[in-house]
Enquirer: 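So that we are looking at the same thing, I have put the structure below in structure tokens.
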Amino acid sequence: MKNHSELIKKLRAIVGDAYVLTHEDPLTDLTAWEQDWRRRERGTALAIVRPATTEQVAAVIKACAAAKTSIVPQGGNTGMVVGSTPDTSGTQVVLSLTRMNKVRSLDAGNLTITVDAGCVLQNLQEECEKAGFLLPLSLASEGSCTIGGNLGTNAGGTQVVRYGNARELCLGLEVVTAQGEVWDGLTGLRKDNTGYDLRHLFIGSEGTLGVITGATMKLYPLPACQLTAYAAVPSLEAAVDLLGMAHKTLSAGLTGFEVMGQFALGLVVKHYPQQKVPFWQESPWCVLLENSDNESDTHARSGFEKLLESAMEKGYVTDAVIAENITQARALWHIRESIPLAQAEEGLNIKHDISIPVSRIPEFVQETDALILKNFPGAQLINFGHLGDGNLHYNVQAAAGTDAARFLMENEKSLNTLVFESVTRFGGSISAEHGIGSLKVEKLSHHKSPVAMDMMRAIKKALDPDNLMNPGRVFRLPQAQ
Ligand code: FAD
Ligand code: 2HG
Ligand code: ZN
């Protein structure tokens, strides 16, 4: 048994008593740090440690490394795959970055912003907008997720079709290594071919290689207008055809293209009846489009009108609305963003965050839906997501009126196998944007080549030989004693 009290004493000396929370005081509620967003698992931490500076992070990691105590980096704790909460051993330190929430600098000429990793995404978007810039990373959890978590998971969201995911928006990182050394890679350079690009190792590594403490992100000029349209489409094939047409008509103006299945929209109507959801009863699928225009609202509107008229002539769209103003646009986006929340209200569910080449999505869905319904009669399919970049949230819920917890216990493994095998047959990925966390660890090695797995393990061993950084996430390795 390790002497944890010595370590706790050291941690308190580094960050201050108020910023080390433990179970010693039975009145301290650690749920916010120990329970994952989806309520899939509840862990028990040795301590929650909340540093305020990079130097404090480095000192905390050094102290933990010396005590061979593992660390779970945590941002907003909005992750979908149980990657940011401790296990049940009571021996892990949760390193929460949320006190590190300062903008360090904004370089208008270089179109970059350099920030602390604990900055909440929405606060950053707002800061950038005030300065006349767009930070084009947007997800429904933006009110609480952090830029460190976004980079740790290589988050996607709703603007990937135009701007790429978090990786593509990041020009530099500051990282504290597993040994407690600080790597300052906050260059802001768009070109730098001086050997391996270490930034890309840490992005998407889910806290398993080191702790991101700062980041330099790309900015874009604010568009003159961001217009939203919402369309009913008769099939997924038609949605894909509409996407192709939207690329041609709007070109780089196409900054969002989301798809929503009827059952998913029905959940929003059920749990948030105050929301007006257009066309959902008449159409099996609806699509949300965003057109960002550098000229004017009139120009953006005429682009959308041209697109939707042609799409209706071709039969790709059966009905459509273009938001008249910002309030209407927000209401339409709110429908889309409410789907995960409505699903959470509905209860436990199985999530598949998958990507498939866009052209093959309709065939994938048709084939996989049929297989699921054959093998799990009555299962309910909640299908929605970022069709513009080939990412579906292909979720499954227990049959109506049945026990969701029991359905998960009895079927989750075999259902995942069925879906992931189908994903692999269609040349897709079993995790498009949420990561592997704990929930997909067992599956990863079945869907990545042994060569790729060996290289990943070698990188992990080289950077974190004692396996102290978020152990058990992405893959399982023997734990240091
Ligand atoms: P956390 O949940 O705290 O952590 C996530 C992972 O990153 C963990 O493995 C953690 O150890 C690691 N990590 C956290 N901070 C650091 C750091 N500083 N250094 C190193 N590793 C770190 N995701 C998408 O990609 N697209 C979406 O559209 C999307 N929509 C969502 C909608 C809702 C309603 C919710 C609840 C979640 C959604 N997510 C989405 C998932 C989640 O919000 C993202 O994964 C987000 O990037 C996580 O950020 P976070 O700060 O909450 O990270
Ligand atoms: C989204 O796109 C998120 O809304 C969550 O990635 C997806 O709940 C989900 O399955
Ligand atoms: Zn998503």
Side-chain angles (χ1 to χ4, degrees), residues 32-33 36-39 51 54 57 61 70-86 92 94-98 100 115-121 137-160 165-167 173-176 178 202-215 256 258-260 264 267 333 336-344 346 349-355 382-387 389 391-397 431-439 469-474:
W33 295 274
D36 76 297
W37 188 88
R38 290 176 59 199
R39 300 181 180 279
T54 301
V57 173
I61 293 186
S70 55
I71 291 177
V72 181
Q74 189 181 90
N77 196 17
T78 66
M80 289 269 163
V81 287
V82 192
S84 51
T85 46
Q92 297 190 307
V94 172
L95 187 70
S96 167
L97 276 290
T98 53
M100 291 186 60
V115 302
D116 282 353
C119 286
V120 168
L121 177 58
L137 182 63
S138 179
L139 21 158
S141 54
E142 62 203 19
S144 37
C145 68
T146 62
I147 202 78
N150 300 149
L151 291 163
T153 56
N154 185 25
T158 55
Q159 295 192 304
V160 175
N165 44 26
R167 181 186 300 286
L173 284 184
E174 178 187 83
V175 170
V176 179
F202 291 99
I203 298 174
S205 67
E206 302 183 47
T208 62
L209 299 179
V211 176
I212 297 167
T213 47
E258 300 285 309
V259 74
M260 299 158 285
L267 286 181
W333 275 103
R336 160 63 184 88
E337 289 171 351
S338 298
I339 297 174
L341 307 173
Q343 244 207 300
E346 190 73 4
N349 54 67
I350 303 175
K351 288 193 189 292
H352 302 110
D353 159 44
I354 57 177
S355 55
I382 301 105
N383 196 346
F384 65 101
H386 320 287
L387 187 65
D389 57 62
N391 176 191
L392 287 183
H393 296 306
Y394 188 74
N395 300 341
V396 183
Q397 226 167 259
S431 175
E433 59 174 9
H434 295 162
I436 299 299
S438 314
L439 287 187
M469 297 306 308
N470 218 357
R473 271 65 199 254
V474 183

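First listed ligand is number 1; within each ligand, the first listed atom is number 1. Here the structure is a predicted model, which is why all the values come from computation and not from measurement.
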Enquirer: Name the closest protein heavy atom to atom 19 (N) of ligand 1, giving the residue it belongs to and the distance to 0.1 Å.
Expert: Ile212 N, 2.9 Å
Enquirer: Hey, does Gly156 come in under 3.5 Å of ligand 1, counting only N/O atoms on both sides?
Expert: yes
Enquirer: Check whether any side-chain heavy atom of Arg473 lies under 4.5 Å from a side-chain heavy atom of Val72, and answer yes or no.
Expert: yes
Enquirer: Should Glu433 be counted as touching ligand 2, given the test is an N or O pair under 3.5 Å?
Expert: yes
Enquirer: Given Ile203, Thr208, Val94, Leu139, which one has a non-hydrogen atom that is nearest to atom 30 (N) of ligand 1?
Expert: Leu139
Enquirer: Of all the non-hydrogen atoms in the protein, which one sits nearest to atom 39 (N) of ligand 1, and at what distance?
Expert: Ser141 OG, 4.0 Å
Enquirer: Is there a heavy atom of Asn77 sitting under 4.0 angstrom from any atom of ligand 1?
Expert: yes
Enquirer: Could you tell me whether a side-chain N or O of Ser138 sits under 3.5 Å from a main-chain N or O of Thr158, the two making a donor and an acceptor?
Expert: no
Enquirer: Say whether His434 and ligand 1 are in contact under the criterion: heavy-atom distance to a ligand atom below 4.0 Å.
Expert: yes
Enquirer: For atom 4 (O) of ligand 1, what's the nearest protein heavy-atom neighbour? Residue, atom name and distance, please.
Expert: Ser84 CB, 3.4 Å
Enquirer: Suppose we measure from atom 1 (C) of ligand 2 to each protein heavy atom; which comes out shortest, and what is that distance?
Expert: Arg336 NH2, 3.3 Å
Enquirer: Under a 4.0 Å heavy-atom limit, does Asn395 contact ligand 2 with its side chain, its backbone, both, or neither?
Expert: side chain
Enquirer: Donor-acceptor pair, distance only, cut-off 3.5 Å: does the side chain of Ser70 make one with the backbone of Gln92?
Expert: no
Enquirer: Heavy-atom distance under 4.5 Å between the side chains of Ile147 and Leu137, does that happen here?
Expert: yes
Enquirer: Which atoms of ligand 1 sit under 4.0 Å from any heavy atom of Asn150?
Expert: 46 (C), 47 (O), 49 (O)
Enquirer: If the test is side chain to side chain contact (heavy atoms under 4.5 Å, CB included), which one of Val175, Val211, Asn154, Thr208 qualifies with Phe202?
Expert: Val175
Enquirer: Between Ile436 and Val81, is a side chain to side chain contact (heavy atoms under 4.5 Å, CB included) present by the stated rule, with each step listed?
Expert: CA-CA 6 Å; Ile436 299 299; Val81 287; 6.0 Å; no
Enquirer: Using a strict 4.0 Å cut-off to heavy atoms of Thr146, name the atoms of ligand 1 that fall inside it.
Expert: 50 (P), 51 (O)
Enquirer: Would you say Leu173 and Leu151 make side-chain contact, with heavy atoms under 4.5 Å?
Expert: yes
Enquirer: Nearest N/O/S atom of Glu433 with respect to the Zn ion (ligand 3), by atom name, please.
Expert: OE2
Enquirer: If we only count heavy atoms from C-beta on, is the Ile339 to Leu267 side-chain gap below 4.5 Å?
Expert: no
Enquirer: Below 3.5 Å, N or O to N or O, backbone or side chain included: is there any such pair between Gln74 and ligand 1?
Expert: no
Enquirer: Of the choices Thr78, Val176, Leu95, which has the non-hydrogen atom that lies closest to atom 52 (O) of ligand 1?
Expert: Thr78
Enquirer: Under 3.5 Å, is there a donor-acceptor pair between the side chain of Asp353 and the main chain of Ala432?
Expert: yes
Enquirer: Heavy atoms, side chains only, cut-off 4.5 Å: are Leu121 and Leu139 in contact?
Expert: yes
Enquirer: Looking only at protein heavy atoms, which one is nearest to atom 50 (P) of ligand 1, and how far off is it?
Expert: Gly76 N, 3.4 Å
Enquirer: Kindly compute the distance separating SG (Cys145) from CH2 (Trp37), expressed to the nearest 0.5 Å.
Expert: 12.0 Å
Enquirer: Can you list the ligand 2 atoms lying under 4.0 Å from a non-hydrogen atom of Lys351?
Expert: 8 (O), 9 (C), 10 (O)
Enquirer: Keeping the roles fixed (side chain from Arg336, backbone from Met260), state whether a donor-acceptor pair exists under 3.5 Å.
Expert: no
Enquirer: Any idea which protein heavy atom is nearest atom 2 (O) of ligand 1, and the distance to it?
Expert: Gly79 N, 2.8 Å
Enquirer: Using a heavy-atom cut-off of under 4.0 Å, does the side chain or the backbone of His386 touch ligand 1, or both, or neither?
Expert: side chain
Enquirer: Which ligand 2 atoms does Pro340 reach within 4.0 Å, using its non-hydrogen atoms?
Expert: 4 (O), 5 (C), 8 (O)
Enquirer: Say whether Gly118 and ligand 1 are in contact under the criterion: heavy-atom distance to a ligand atom below 4.0 Å.
Expert: no
Enquirer: Nearest to atom 22 (C) of ligand 1, what protein heavy atom do you find, and at what distance?
Expert: Pro73 CB, 3.8 Å
Enquirer: Show the atoms of ligand 1 that are less than 4.0 angstrom away from any heavy atom in Met80.
Expert: 33 (C), 35 (C), 36 (C), 37 (C), 38 (C), 41 (C)
Enquirer: Nearest 0.5 Å, please: how far is CD in Gln159 from CD in Glu258?
Expert: 9.5 Å
Enquirer: Nearest non-hydrogen contact with atom 21 (N) of ligand 1 belongs to which option: Gly207, Gly204, Gly149?
Expert: Gly207
Enquirer: Which residue holds the protein heavy atom closest to atom 6 (O) of ligand 2, what is that atom called, and what is the gap in Å?
Expert: His434 NE2, 2.7 Å
Enquirer: Only one of His393, Lys351, Arg38 forms a side-chain hydrogen bond (donor to acceptor under 3.5 Å, both in side chains) with Gln343, so which one is it?
Expert: Lys351
Enquirer: Which of the numbered atoms in ligand 2 are below 4.0 angstrom from a heavy atom of His386?
Expert: 2 (O)
Enquirer: Look at the side chain of Glu433 and the backbone N and O of Gly157, then say whether any donor-acceptor pair between them is shorter than 3.5 Å.
Expert: yes
Enquirer: Considering only the protein, which heavy-atom contact is closest to atom 5 (C) of ligand 1, and what is its distance?
Expert: Thr153 CG2, 3.6 Å
Enquirer: Within the distance-only criterion (no hydrogens, no angle test), does the side chain of Asp36 pair as donor or acceptor with the backbone N or O of Asn77 below 3.5 angstrom?
Expert: no
Enquirer: Heavy atoms, side chains only, cut-off 4.5 Å: are Pro73 and Asn470 in contact?
Expert: yes
Enquirer: Under 4.0 Å, heavy-atom basis, I'd like to know which part of Glu337 is in contact with ligand 2: side chain, backbone, both or neither.
Expert: neither
Enquirer: If you have a sec, work out which protein heavy atom is nearest atom 8 (C) of ligand 1 and how many Å separate them, to one decimal?
Expert: Gly83 O, 3.4 Å
Enquirer: What part of Asn470, side chain from CB on, backbone N/CA/C/O, both or neither, has a heavy atom under 4.0 Å from ligand 1?
Expert: side chain
Enquirer: Just which atoms of ligand 1 are under 4.0 Å from any heavy atom in Gly210?
Expert: 20 (C)
Enquirer: Backbone N or O of Ile382 within a donor-acceptor pair of the Gln397 side chain at under 3.5 Å?
Expert: no
Enquirer: Any non-hydrogen side-chain atom of Asn150 less than 4.5 Å from a side-chain atom of Glu142?
Expert: no
Enquirer: Can you tell which of Gly157, Ala117, Ala140 gets a heavy atom nearest to atom 32 (C) of ligand 1?
Expert: Ala140
Enquirer: Suppose I only count heavy atoms of Leu97 and a 4.0 Å limit; which atoms of ligand 1 are within that range?
Expert: 18 (N)
Enquirer: Is there any N or O on Ala155 that sits under 3.5 Å from an N or O of ligand 1?
Expert: no
Enquirer: Less than 4.5 Å apart, any side-chain heavy atom of Ile71 and any of Met469?
Expert: yes
Enquirer: So, His386 and the Zn ion (ligand 3): N/O/S under 2.8 Å, yes or no?
Expert: yes
